[in-house]
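Here's the structure we're looking at; comments come further down.
Note: hydrogens, waters and symmetry copies are ignored here, and every other heavy atom, side chains too, is used. These numbers were taken from a predicted model, which means no experiment stands behind them. Counting convention: from 1, in listed order, for ligands and their atoms alike.
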Amino acid sequence: MIACTIAGSDSGGGAGIQADLKTFQELRVFGTSVITALTAQNTKGVHGIYPATADFVKDQLNAVLDDFDLKAVKTGMLFNAEIVETIVSVLESKEIPLILDPVMIAKGGASLLKEQATIALKEKLLPVATVCTPNIPEAEVLTGLTIKTEEEIKFAGEYLLNLGMQCVVIKGGHLAGKHAIDTVFIRGEKPFKMKTERLKTIHTHGTGCTFSAAITAEIAKGKPLKIAIIEAKKFVQLAIRYPLNIGHGFGPTNHFAYQEHRGICDVQVI
Ligand SMILES: Nc1ncnc2c1ncn2[C@@H]1O[C@H](COP(=O)(O)OP(=O)(O)O)[C@@H](O)[C@H]1O
Ligand SMILES: Cc1ncc(COP(=O)(O)OP(=O)(O)O)c(N)n1
């Protein structure tokens with residue numbers, strides 16, 4: 001099975017293209033990639049950004065599409081409106097499941113999506129996505145709502161589904177509480193929650209990329225949406241639970257953990 005990630009490069013290897021390809025590999029999916037921007041980044045932060053031109057993003061995407069039978073595509077850091085619009089123009093006529101991680105701001109505070117690109121993302125790319133995986137701040141930007149309570153999560157999920165996609169996962173990493181709870185909205189189905197222990201760790205760099213890449217890999221393997229999302233939650237939970245303890249800042253998650261510790265991760269589906 002072959003999947004593609006359209007995202008930025010993280011020189012530190014914890015997020016972006018590198019996290020996506022490691023996740024695909026661990027889940028036994030062949031990964032191809034389209035690089036939207038180079039970042040000079042490590043566990044201490046983003047030190048520089050060098051975007052690709054929209055034309056070169058298009059060249060990469062066409063090269064991959066021309067040769068490989070992609071079973072799923074994911075997007076991560078898209079940086080500017082020209083890149084967002086280029087991706088829409090190439091992908092909108094294709095019937096490949098699209099997993100959209102609306103990456104906006106890195107945990108250290110660096111902006112990975114320009115303000116005007118947020119509008120293009122919301123109006124043009126979201127409607128053609130199969131799954132969108134916002135964290136709480138991203139869901140707030142996309143909906144214009146403040147999201148703190150369960151009711152507000154429900155309202156935001158329904159608002160986003162109405163933009164046209166098949167599924168929205170509102171991730172709960174940024175909320176407080178003993179558990180990390182993600183809420184899943186699938187068109188025509190009752191929403192459900194995925195609940196795990198909230199792990200006390202600073203090694204959470206790239207959790208969002210890893211989670212959405214794992215959903216992409218499972219969908220590429222033909223798993224039904226709900227099963228793919230639950231397996232991805234197990235993947236990211238194990239990756240956080242068994243940190244590599246590398247770097248001097250907010251370390252990466254452990255992409256080896258799923259294969260090394262599989263079967264011992266409890267995700268409560270409620
Ligand atoms: N401390 C933690 N313990 C357990 N799971 C976590 C923790 N932090 C984040 N997660 C999980 O990691 C995934 C990514 O979440 P989140 O941090 O909200 O996204 P992002 O990396 O995009 O900001 C979600 O499944 C979330 O529940
Ligand atoms: C190149 C690149 N892409 C995405 C991110 C953000 O990744 P995320 O999984 O949201 O993790 P944090 O950076 O927020 O820890 C990134 N940093 N770099």
Requested in this report: Look at the rings of H261 and Y242 and say which category their plane angle falls in: under 30° parallel, 30 to 60° tilted, over 60° perpendicular.
Outcome: parallel
Ordered by chain then number, the protein residues lying under 4.0 Å from ligand 1 by heavy atom are K107, N135, K171, G173, H174, A180, D182, E197, R198, L199, T207, G208, K233, V236, Q237, I240
Looking at V236, L112, T133, the heavy atom closest to atom 16 (C) of ligand 2 belongs to L112
Checking I35, V64, V73, I17 against I6 for side-chain contact (heavy atoms from CB on, under 4.5 Å), the one that qualifies is V73
Correct closest heavy-atom pair for A120 and A81 would be CB-CB, 4.3 Å
Only residue of D20, T75, T32 satisfying side chain to side chain donor-acceptor pair (under 3.5 Å) with T5 is D20
- Message: Could you go through Q237 and L199, starting from their C-alpha distance and side-chain angles, then the distance that decides it, and tell me whether this counts as side-chain contact (heavy atoms from CB on, under 4.5 Å)?
- Response: CA-CA 9 Å; Q237 171 74 2; L199 300 160; 3.6 Å; yes
Quick look: A15 vs ligand 2, heavy-atom contacts under 4.0 Å, and the answer is side chain
Within 4.0 Å of some non-hydrogen atom of G8, the atoms of ligand 2 are 1 (C)
Atom 14 (O) of ligand 2: closest protein heavy atom, distance to 0.1 Å, is K107 CG, 2.9 Å
Problem set entry | Derivation and outcome, side-chain hydrogen bond (donor to acceptor under 3.5 Å, both in side chains), residues E140 and T146 | CA-CA 6 Å; E140 289 187 326; T146 300; 4.9 Å; no
- Task: Go through the steps for K234 and E218 under the test salt bridge (Lys or Arg N to Asp or Glu O under 4.0 Å), then give the verdict.
- Result: CA-CA 12 Å; K234 288 184 189 166; E218 292 300 302; over 6 Å; no
inquiry  = Checking the N or O distance criterion of under 3.5 Å, is ligand 2 in contact with S9?
reply    = no
* Asked: Is there a donor-acceptor contact under 3.5 Å from the side chain of S11 to the main chain of Q41?
  -> yes
Q) Are any of the N/O atoms in Q41 less than 3.5 Å from those in ligand 2? A) yes
Here the atoms of ligand 2 under 4.0 Å from any heavy atom belonging to G206 are 8 (P), 9 (O), 11 (O), 12 (P), 15 (O)
Look at atom CD of Q116 and say whether more than 12 heavy atoms of other residues, nucleotides or ligands are closer to it than 6.0 Å.
yes
For G208, the atoms of ligand 2 under 4.0 Å from one of its heavy atoms are 9 (O)
So the atoms of ligand 2 within less than 4.0 Å of a heavy atom of H205 turn out to be 12 (P), 13 (O), 15 (O), 17 (N)
Distance-only check: which donor-acceptor pairs under 3.5 Å involve side-chain atoms of residues 89-104, not counting sequence neighbours?
{"unit_1": "S89", "atom_1": "OG", "unit_2": "T86", "atom_2": "O", "d": "2.8"}
{"unit_1": "D101", "atom_1": "OD1", "unit_2": "T133", "atom_2": "OG1", "d": "3.4"}
{"unit_1": "D101", "atom_1": "OD2", "unit_2": "S212", "atom_2": "OG", "d": "3.4"}

The atoms of ligand 2 lying under 4.0 Å from a heavy atom of A106, numbered in the order shown, are 13 (O), 14 (O), 17 (N)
Report task. Would you mind checking if K154 and E158 are paired as a salt bridge, meaning a charged N to carboxylate O distance below 4.0 Å? Result -> yes
Of all protein heavy atoms, the one nearest atom 4 (C) of ligand 2 is C209 SG, 3.6 Å
task: Using a distance threshold of 4.0 Å (strictly less than), state whether atom 10 (O) of ligand 2 has a protein heavy-atom neighbour.
output: no
Any ion pair linking E231 and K221 (charged N to carboxylate O, less than 4.0 Å)?
-> no
